[in-house]
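Contents: one structure, followed by commentary.
So you know, we letter chains A, B, ... as the sequences are listed, proteins then strands, and number each from 1.
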2 protein chains.
Amino acid sequence: MNDQYDPISLEQLLCFNVYSLNRALNRFYQAAFGETGMTYPKFVVLSALDEAGPLTVSELSARASMEPSTLSPLLKRMAEYGVLTRIRAPEDERRVVVQLTDMGREAVTLVREAVLEGLKGVDLDPSQTGQIVKELGAARARIEGTKPARQLELGPMPPPLTNC
Amino acid sequence: MNDQYDPISLEQLLCFNVYSLNRALNRFYQAAFGETGMTYPKFVVLSALDEAGPLTVSELSARASMEPSTLSPLLKRMAEYGVLTRIRAPEDERRVVVQLTDMGREAVTLVREAVLEGLKGVDLDPSQTGQIVKELGAARARIEGTKPARQLELGPMPPPLTNC
DNA sequence: TATGAATTATTCGTGTACGAAACATTTGCA
DNA sequence: TGCAAATGTTTCGTACACGAATAATTCATA
């Protein structure tokens, strides 16, 4: 449809390419992780803790670029798995300190290898993606520091509120 | 932790940058979409249909880079909103043809403007991202055509199966 | 022309994802 | 000191996201 004049297509949009590549990567890793229960977000959490040591939930939130409300149930599951511990900080009981267990440190090594090997297999390991990674990081920084200029003007279309 | 020798950090990984930029973009658009009920995946579906005309679920799946099992409930909701219709193809009743309504065509115009304006605000509109978009597209193509070389070897850690 | 295989879509179970609200604790200041 | 505001985390409701199982239809071929 949309006859002559050519609006910008999805495939030309940065957001769509990021969106679809992200899910392609997730599917790829999920295939590699198989039945182990490992997932990409869990790998991110493990990595962040491995790099930075024990962190509170909000520090981890910043590192992993994930909201606390996303982390909370994720961390609970991971603690059940035994890869990390969650302990209220004694000096400020609002905080919860998250820390890898020995099992967690072993896991992160294996998973990191699998992830890097996977990326190498498609020519996307860090030695080949320096420039693009830099640009993506810059884009994220700009977006996170910006509020949308304008609200979408669209008759609200939340579901017809099936008058129950 | 992880003392001297420096393993590759999350921030250097393409996958992490794609992962975190994707969510930053989602949050950004969600802020612009506000209470309208619009979401980024819905925008993708609207756009794909606007570009290609009526499509079956699996054709749309390919265009939008989304699994049929994700599309199915999404399309149901969108049909309730009134932006599209889902009709079994008479000549092959296995297929369901998805088509924009007039309301859907109006919506896609407004949403597309909002999306483009948002991208422009952070210097990410198509005029400035040609190269990076090309590389992301190429990366996706390589990943989608590849199976992971090796399975992750990790003692399965699905939840301890709380013996209920 | 029957009937098993292939194709297409939906349903189901689980796991992110996030804003808003709820909750607990600590801080700041009257 | 005492209590409102601020801070940090969890809970809740909703919306993706996908593989596996299911269901409905069509195809292929014996």
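In this structure, the CG atom of B/L75 is 10 Å from the P atom of C/dA9, given to the nearest Å. Here the P atom of nucleotide D/dC18 and the CD atom of B/E144 are 10 Å apart, to the nearest Å. Going from atom CZ of B/R88 over to atom C1' of D/dT26 covers 13 Å, rounded to whole Å. Note: OH (A/Y29) to C1' (D/dC18) measures 18 Å, nearest angstrom. As a whole-Å value, the separation of B/Y40 OH from D/dC16 P is 13 Å. If you take CG of B/L71 and P of D/dG19, they are 13 Å apart, rounded to a whole angstrom. Whole-Å rounding puts the A/F33 CZ to C/dG15 C1' distance at 14 Å. When rounded to the nearest whole Å, the span between CG of A/L60 and P of D/dG8 equals 15 Å.
Closest approach of A/M38 and B/L154 over heavy atoms only: CE-CD2, 4.1 Å. Scanning all heavy atoms of the two residues, the minimum distance from B/N22 to A/Y19 falls at OD1-CA, 3.4 Å. Closest heavy-atom contact between A/I8 and B/E51: O-OE2, 4.3 Å. In this structure, A/V115 and A/F33 approach most closely via the heavy-atom pair CG2-CZ, 4.1 Å. Contact between B/Y81 and B/K42 at its shortest, heavy atoms only, is CE1-CE, 3.3 Å. The shortest non-hydrogen separation linking A/V57 to A/L71 is O-CD1, 3.7 Å.
The phosphate of C/dT16 (OP1 or OP2) has a side-chain N or O of A/T39 nearer than 4.0 angstrom. Distances shown here put every side-chain N or O of B/S58 at or beyond 4.0 Å from the OP1 or OP2 atom of C/dT7.
Nearest nucleotide to the side chain of A/K42, out of D/dA15, D/dT9, C/dT16: C/dT16.
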For nucleotides 26-28 of chain C, give me every protein contact, N/O to N/O, under 3.5 Å, one pair per line with atom names.
| from | atom 1 | to | atom 2 | distance (Å) |
| --- | --- | --- | --- | --- |
| C/dT26 | OP1 | A/E93 | N | 3.2 |

Between the protein and nucleotides 17-20 of chain C, which nitrogen or oxygen pairs are less than 3.5 angstrom apart?
| from | atom 1 | to | atom 2 | distance (Å) |
| --- | --- | --- | --- | --- |
| C/dA17 | OP2 | B/Y19 | OH | 2.5 |
| C/dA17 | O3' | B/R23 | NE | 3.2 |
| C/dC18 | OP1 | B/R23 | NE | 3.1 |
| C/dC18 | OP1 | B/R27 | NH1 | 2.4 |
| C/dC18 | OP2 | A/E67 | N | 3.4 |
| C/dC18 | OP2 | A/T70 | OG1 | 3.3 |
| C/dG19 | N7 | A/S69 | OG | 3.3 |
| C/dG19 | O6 | A/S69 | OG | 3.2 |

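Inter-residue side-chain proximity for A/V45 and A/L84 is flagged as met; some heavy-atom pair is nearer than 4.5 Å.
Note that the CZ atom of B/R140 and the CD atom of B/E144 stand 5.0 Å from one another [nearest 0.5 Å].
Between the side chains of B/Q12 and B/S9, a donor-acceptor pair is found at a separation under 3.5 Å.
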